[in-house]
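Single-structure report; data block below.
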Amino acid sequence: MTSPVPLRRLWRTDTTLRTLLIANALNTLGRGVFFTLTALYLTLILGFDALRVGLALTIAGGVGVVFSLLGGHLADRLSSRTMLVVSAAIQGLGLCAYALIANFWTLLLIASITTAAQQFGSSVRSAAIGRAFTGEDRVRIRAVMYTVTNVGIGVGTAIAAIPLAIGTGTAYRSTMVLSGLLLVAGAFSLRGLEPERVDRRPAPAPLGESLPDGVGSPSGEGDGSGVLAAGQQGVDVVVAVEDGTTDRSDLATDQSAAATDRSAEAPAGSAEAPEPARDHATPCADPAAASSPVGAAPAARTRPRSPYRDARYLLMTLLNGLFSIQFGLFGVAVPLWVVNHTEAPSAAVSILLIINTAVVASLSVRLSRGTGELAGAAKAMARAGWLMAAACALWAWAGSLPLWVALAVLVAAAIAHSLAEVLSSAAGWSMSYELAPADQMGSYQGVFGTGFALSNMVAPVVVTVTAVNMGPLGWAILGAGFLASALGLVVLIRAAMRQR
């Protein structure tokens, strides 16, 4: 197998990758500004109480769950490029509209529309990446985008310090409108995506249908039998590439030797239309295939598998969603625990968040290597589970230590937690793509994204009830839960590997 193309070269030569990264940078920069200001803007400037704000954002999160599923569903039916542009534009305009909020109902409406557009676009983007790239490249691209996300949010958070320092309603509103316009700019940049790579390619009609007399007949009579065999061979080659089972550099040499076996295994009409020829070897007609009885009786097209009936994928989504509660743990429970239950000063929270951002931004690409295949994903997930269990133990231990020792333990906990975040994210991306059929990439990514959206909804309550309110016992419960969900995913992945 050839080594992957360096990312620098991909940045220069791959228009789709460059467009996705530019749009992601603009999106996360704007979101970093917005998320830093939102809670303070709604409470200090507009005067909403915390309960109403929490209720509105929770309802909006529920709307987002529904639109995450819808985005994945439509990504298999409509243009992903168009939907990405529209959803990003709606999200950006929604952020701008926060400056117009006058009461609870307008807050609920604007928050719901904005969250719906965000979750919808997230599912569509995942499906687009699954089609535009294969195998190890998928995980590498997601890791790069994850790095850009963390850097963008970090820079956006720093920019938000300006209106925070000024403290006026005008400063808040102006900055929030600016954050929305950054997302709108990202929407315009997404117009540079190549539809032939990110949009779903409909499967062709079964071979033998609507063909001239003699073409594809059992006797091989007519001028088109060799062309038909060559076309089927080309489709099979593309399917192998899209499924990630064949290395592109080996296609040209292996194509002739494998043609006879493939013609016996692949039913006519079961493949998707091929990707652009720039990424694949050009197939040639095979004499043996030309004389085979292709087209004598059109094969019935199999019905696409539904993710809602795929028990293995649903279980994987559930377990990954449970492990994803770790994001809420760092964002909600850790600050409250450090401030209220340890000897560390409040400023330590900022230091821990900086450590998290630095680890994720610097190691996402490096630690994602090897996770493009299920075997590597299983190893990464197992390590993530043990690291999260260790992090929970360290977070809890810091609550009973003197100042300087507590600070050292908190730093160790932040590093372990951040490494677990990077490894589990890479493993999750790999599982979500490798266990999904190529022709249903959108629907499957929508289901997978819904697990993460549900995790975001329940995480604040779960981590508050356990870690913050129950103390060491709550941390132990969380650590055991993270380890169990991680090891459950490892068992599931290995079972899937044995069935292949």
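Numbers here are sequence positions counted from 1.
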OG of Ser424 to CG of Asn320: how many Å apart, nearest 0.5 Å? 7.5 Å
Test side-chain contact (heavy atoms from CB on, under 4.5 Å) applied to Ser112 and Leu108, step by step: CA-CA 6 Å; Ser112 297; Leu108 180 60; 3.9 Å; yes
Can Thr82 and Arg191 be said to form a side-chain contact (heavy atoms from CB on, under 4.5 Å), step by step? CA-CA 8 Å; Thr82 300; Arg191 297 170 62 193; over 6 Å; no
In residues 384-405, what donor-acceptor pairs under 3.5 Å come from side-chain atoms, sequence neighbours left out?
{"from": "Trp395", "atom 1": "NE1", "to": "His417", "atom 2": "ND1", "distance (Å)": "3.3"}
{"from": "Ser400", "atom 1": "OG", "to": "Trp397", "atom 2": "O", "distance (Å)": "3.1"}

Donor-acceptor pair, Ser189 side chain versus Gly186 backbone, under 3.5 Å? yes
Between the CZ atom in Arg173 and the SG atom in Cys96, the distance rounded to the nearest 0.5 Å is 14.0 Å
Test side chain to side chain donor-acceptor pair (under 3.5 Å) on Gln445 and Ser123 and set out the steps. CA-CA 6 Å; Gln445 291 304 310; Ser123 292; over 6 Å; no
Mind checking the CD-CG spacing from Gln440 to Asp76? Nearest 0.5 Å is all I need. 5.0 Å
With heavy-atom distances below 4.5 Å as the criterion, would you say the side chains of Leu37 and Pro163 are in contact? yes
Is there a donor in the side chain of Thr106 and an acceptor in the side chain of Asn103, or the other way round, less than 3.5 Å apart? yes
Find out whether Ile129 and Arg142 are in side-chain contact, i.e. whether some heavy atom of one side chain is under 4.5 Å from a heavy atom of the other. yes
Give the intermediate values and the outcome of side chain to side chain donor-acceptor pair (under 3.5 Å) for residues Gln91 and Arg31. CA-CA 10 Å; Gln91 187 182 352; Arg31 284 169 53 202; over 6 Å; no
To check you understand the geometry: which heavy-atom pair defines the closest contact between Leu407 and Pro345, and what is its length? CD2-CD, 4.3 Å
Check Asn27, Thr28, Asn24 against Thr149 for a side-chain hydrogen bond (donor to acceptor under 3.5 Å, both in side chains) and give me the one that passes. Asn24
For the atom pair CG (Leu322) and CG (Leu489), what is the distance rounded to the nearest 0.5 Å? 9.0 Å
Taking the ring of Tyr444 and the ring of Tyr313, is the distance between their centroids below 6.0 Å? yes
Do you see a donor-acceptor pair shorter than 3.5 Å between the side chains of Asn469 and Thr464? no
Decide if atom CZ of Arg77 counts as having more than 12 heavy atoms of other residues, nucleotides or ligands within a radius under 6.0 Å. yes
Closest approach of Ser126 to Tyr433 (non-hydrogen atoms, all atoms of both residues): O-OH, 2.9 Å
Under 3.5 Å, is there a donor on one side chain and an acceptor on the other for Asp199 and Ser79? yes
Thr317 versus Val447, closest heavy-atom pair with distance: CG2-O, 3.4 Å
Note, Arg81 side chain near Leu190 side chain (heavy atom, < 4.5 Å): no
Between Ala89 and Ala187, the two heavy atoms sitting closest are N-CB, 3.5 Å
Minimum heavy-atom separation for Ala453 and Val65, please, with both atom names. CB-CG2, 3.7 Å
Non-hydrogen side-chain atoms of Thr147 and Val360 separated by less than 4.5 Å: no
Does a side-chain heavy-atom distance below 4.5 Å link Arg131 with Ser80? yes
Side chain to side chain, Ile415 and Val411, heavy atoms closer than 4.5 Å: yes
Check whether Ser174 reaches the backbone of Thr170 with its side chain - one donor and one acceptor, N or O, closer than 3.5 Å. yes
Is it the case that over 12 heavy atoms from other parts of the model lie below 6.0 angstrom from the CZ atom of Phe104? yes
Apply side-chain contact (heavy atoms from CB on, under 4.5 Å) to residues Leu478 and Leu329 and explain how you reach the verdict. CA-CA 9 Å; Leu478 287 174; Leu329 186 68; 3.6 Å; yes
Nearest-0.5 Å distance that lies between atom OG1 in Thr371 and atom CZ in Arg369: 11.0 Å
So does Trp429 get a backbone contact from the side chain of Ser432, meaning a donor-acceptor N/O pair under 3.5 Å? yes
Identify the two heavy atoms, one from Leu352 and one from Phe330, that lie closest to each other, and give their separation to 0.1 Å. O-CZ, 3.6 Å
For the pair Ser455 and Phe327, evaluate side-chain contact (heavy atoms from CB on, under 4.5 Å) and give the outcome as yes or no after the intermediate values. CA-CA 9 Å; Ser455 174; Phe327 290 101; over 6 Å; no
Hey, are the side chains of Asn340 and Val468 touching, using non-hydrogen atoms and a 4.5 Å cut-off? no
Can you tell me how far CG of Leu55 sits from CG of Leu107, rounded to the nearest 0.5 angstrom? 9.5 Å
Could you walk me through whether Thr43 and Asp49 pass side chain to side chain donor-acceptor pair (under 3.5 Å), step by step? CA-CA 6 Å; Thr43 55; Asp49 60 78; over 6 Å; no
Do the non-hydrogen side-chain atoms of Thr114 and Tyr98 ever get within less than 4.5 Å of each other? yes
Can you confirm whether Tyr41 is buried at OH, in the sense that more than 12 heavy atoms of other residues, nucleotides or ligands lie under 6.0 Å from that atom? yes
